[in-house]
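For ligands, and for the atoms within them, numbers begin at 1 and follow the listed sequence.
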Amino acid sequence: MSGRPASHASRPCVLVLGGGFGGIGAAQKLRKSDVDVVLVDKHDYHTFQPLLYQVATGLLELPAVGHPVRDLFHKQDNIRVHQDQVTAIDLDAREVRFGELEPVGYDYLVLALGAEVNFFGVEGAAEHAFPLYTLPDAVRLKDHVLERWEAADRKPELIEDGALNTVVVGGGPTGVETAGAMAELYSGVFRKDYPDVSPEQARLVLVEASPEIFSMFKPNLREYAKDALIERGVEVITGDVVQSITSERVTLKSGTVLPAHTLVWGAGLQGNALVRSLGVELERGNRLGVDSELRLPSHPEVFVIGDIAAITDAKTEQVLPQLGSVALQSGAHAGETIARLVAGKEPEPFKYKDKGTMAMIGRGAAVVQMLGGKTMKGKKAQAAWGTVHLALLPTNEDRAKAVVDWAGATLTHQRTGRIRVET
Ligand SMILES: Cc1cc2nc3c(=O)[nH]c(=O)nc-3n(C[C@H](O)[C@H](O)[C@H](O)COP(=O)(O)OP(=O)(O)OC[C@H]3O[C@@H](n4cnc5c(N)ncnc54)[C@H](O)[C@@H]3O)c2cc1C
């Protein structure tokens, strides 16, 4: 027998799977609706993915990037939050199964389970690469880098073997932001932390398969980003791909072998693995195609939002990128649409408001490309990046924390998160 919220068994039940930008956005829009909402996430925190690289490089501490999900709903009476793993979704029976919870039936389902890393079958990647999509990923990378620097400090011969070298795969925002932040970590605070290890001995190599990094940006911004990386000591290799990885070596398709004990994977995403069991056709990257109201065409009571969805922009007729703003807006739209349906109103089509594409490269170096084609770079772009990302953070408290940490890092070059805590 499937569980339903006991409070108002007669009200429609909206089951939200995933507490990322999409799931939170949807659930919050149902606050005043006459429904019972159940939100389930495998973590008890909401992850702010855009700043994971700042946790990995010690710039931000965990609470700035992971926020308790329950905390976001203190003022919402019609929701119950659970931490559990979704294990199966039966679209025909309108029922979801979990690791521990009793199965939950629903009237409306919001699928917001996000994306996961895609290693594209590269040999050794699953075992040895460091992806950067979850909070545990960021902590694992930070701990590994700190451990390698400590090891090299104790045994300098490890430097020759590549203990301090890092290969970052992927010339998109994740790869570029991580490479830039690592370069600043090494040349800034590590120079003082490890007086006997020269940061110049640590190679940072960014590998991108396309002829240029930042293919989503205009050529002037691509060149600016490449120069900014090189200025910070990052070697940029384009037009080559990683073929295989071991714990100490990275082999490229061209035959180049890079001695590196760390490989950061920022090269690819695919829809959450659960989509493969739904029995519906998948779009590119294992994403679920949706109609103009963000519903599964074969099951209109199911709304699919964020990274797991292939949402076609009504204006450009292109599939929207996997971005926080797309997830947040599509989530909010799904919540509003369910509220409309429950109130007997007609749904309205989703219209994405593009706030521009942007990325950070390092202190004082960022790029922004607006919808109309206007571009910004440098400090101005950094300010725009900061404003947009602060707006995406879930609470004012998180915004204040991030501002204090960023200001501190800018003024003092400090990285207070650079400790390892063994449990
Ligand atoms: C490193 C990085 C940098 C980024 N930078 C930017 C940026 O600068 N700007 C920008 O706009 N976007 C950025 N993005 C993209 C943005 O973070 C995503 O588009 C956004 O998080 C997608 O939101 P979502 O709600 O669809 O999925 P997610 O935020 O991934 O949320 C999915 C939720 O589902 C939960 N979940 C997954 N599987 C299960 C399961 N089986 N059972 C229970 N729960 C489950 C997860 O725990 C998670 O909380 C970045 C992404 C990454 C990885």
Could you name the option among [options] that has the heavy atom nearest to [atom]?
atom                    : options               : result
atom 39 (C) of ligand 1 : Leu113, Val69, Leu274 : Leu113
atom 50 (C) of ligand 1 : Ser330, Pro50, Gly271 : Pro50
atom 21 (O) of ligand 1 : Gln49, Gln54, Lys42   : Gln49

Within ligand 1, which atoms have a heavy atom of [X] less than 4.0 Å away?
X      : result
Gly18  : 33 (C), 34 (O)
His43  : 47 (O)
Gln322 : 15 (C), 19 (O)
His389 : 7 (C), 8 (O), 9 (N)
Gly306 : 26 (O)
Ser325 : 11 (O)
Gly22  : 25 (O)
Asp84  : 42 (N), 43 (C)

Does some side-chain heavy atom of [Y] sit less than 4.5 Å from a side-chain heavy atom of [X]?
X      : Y      : answer
Tyr352 : Ser330 : no
Leu164 : Trp149 : yes
Phe214 : Gln369 : no
Phe190 : Val145 : yes
Arg295 : Pro347 : yes

Of all the non-hydrogen atoms in the protein, which one sits nearest to [atom], and at what distance?
atom                    : answer
atom 27 (O) of ligand 1 : Gly114 CA, 3.4 Å
atom 20 (C) of ligand 1 : Phe21 CD1, 3.4 Å
atom 12 (N) of ligand 1 : Gly324 N, 3.0 Å
atom 1 (C) of ligand 1  : Leu132 O, 3.2 Å
atom 53 (C) of ligand 1 : Tyr133 CD2, 3.1 Å
atom 31 (O) of ligand 1 : Gly20 CA, 3.3 Å
atom 26 (O) of ligand 1 : Asp307 N, 2.8 Å
atom 32 (C) of ligand 1 : Ala112 O, 3.4 Å

Discussion item. Would you call the rings of Phe303 and Tyr108 parallel, tilted or perpendicular, taking 30° and 60° as the class edges?
Written reply: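 Because their plane-to-plane angle lies in the 30° to 60° range, the rings of Phe303 and Tyr108 count as tilted.
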Worksheet item: Which class fits the ring pair Trp265 and Phe120: parallel under 30°, tilted 30 to 60°, perpendicular over 60°?
Response: tilted
Determine, for [X] against [Y], whether the closest basic-nitrogen to carboxylate-oxygen distance falls under 4.0 angstrom.
X      : Y      : result
Asp398 : Lys401 : yes
Asp34  : Arg11  : yes
Lys315 : Asp354 : no
Arg420 : Glu147 : no

With heavy atoms only and a cut-off of under 4.0 Å, state how [X] meets ligand 1: side chain, backbone, both or neither.
X     : value
Asp41 : both
Ile24 : neither
His46 : neither

Worksheet item: Of all heavy-atom pairs between Met216 and Gly172, which one has the smallest distance, and what is that distance?
Response: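 Here Met216 and Gly172 meet closest at CE-CA, 4.2 Å.
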What I want to know is whether [X] and ligand 1 share at least one N or O pair that is separated by under 3.5 angstrom.
X      : answer
Gly23  : no
Met358 : no
Asn272 : yes

Worksheet entry | Any Ile308 heavy atom less than 4.0 Å to ligand 1 |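 False for this residue.
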Worksheet item: How long is the span from the CD atom in Glu184 to the CZ atom in Arg232, to the nearest 0.5 Å?
Response: 5.0 Å
Item to complete: Check the surroundings of atom CZ in Arg31: do more than 12 heavy atoms from other residues, nucleotides or ligands lie under 6.0 Å from it?
Response: no
Discussion item. Going by side chain to side chain donor-acceptor pair (under 3.5 Å), name the residues that satisfy it together with Arg399, two or more places apart in sequence or in a different chain.
Written reply: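 So Arg399 forms a side chain to side chain donor-acceptor pair (under 3.5 Å) with Asn396.
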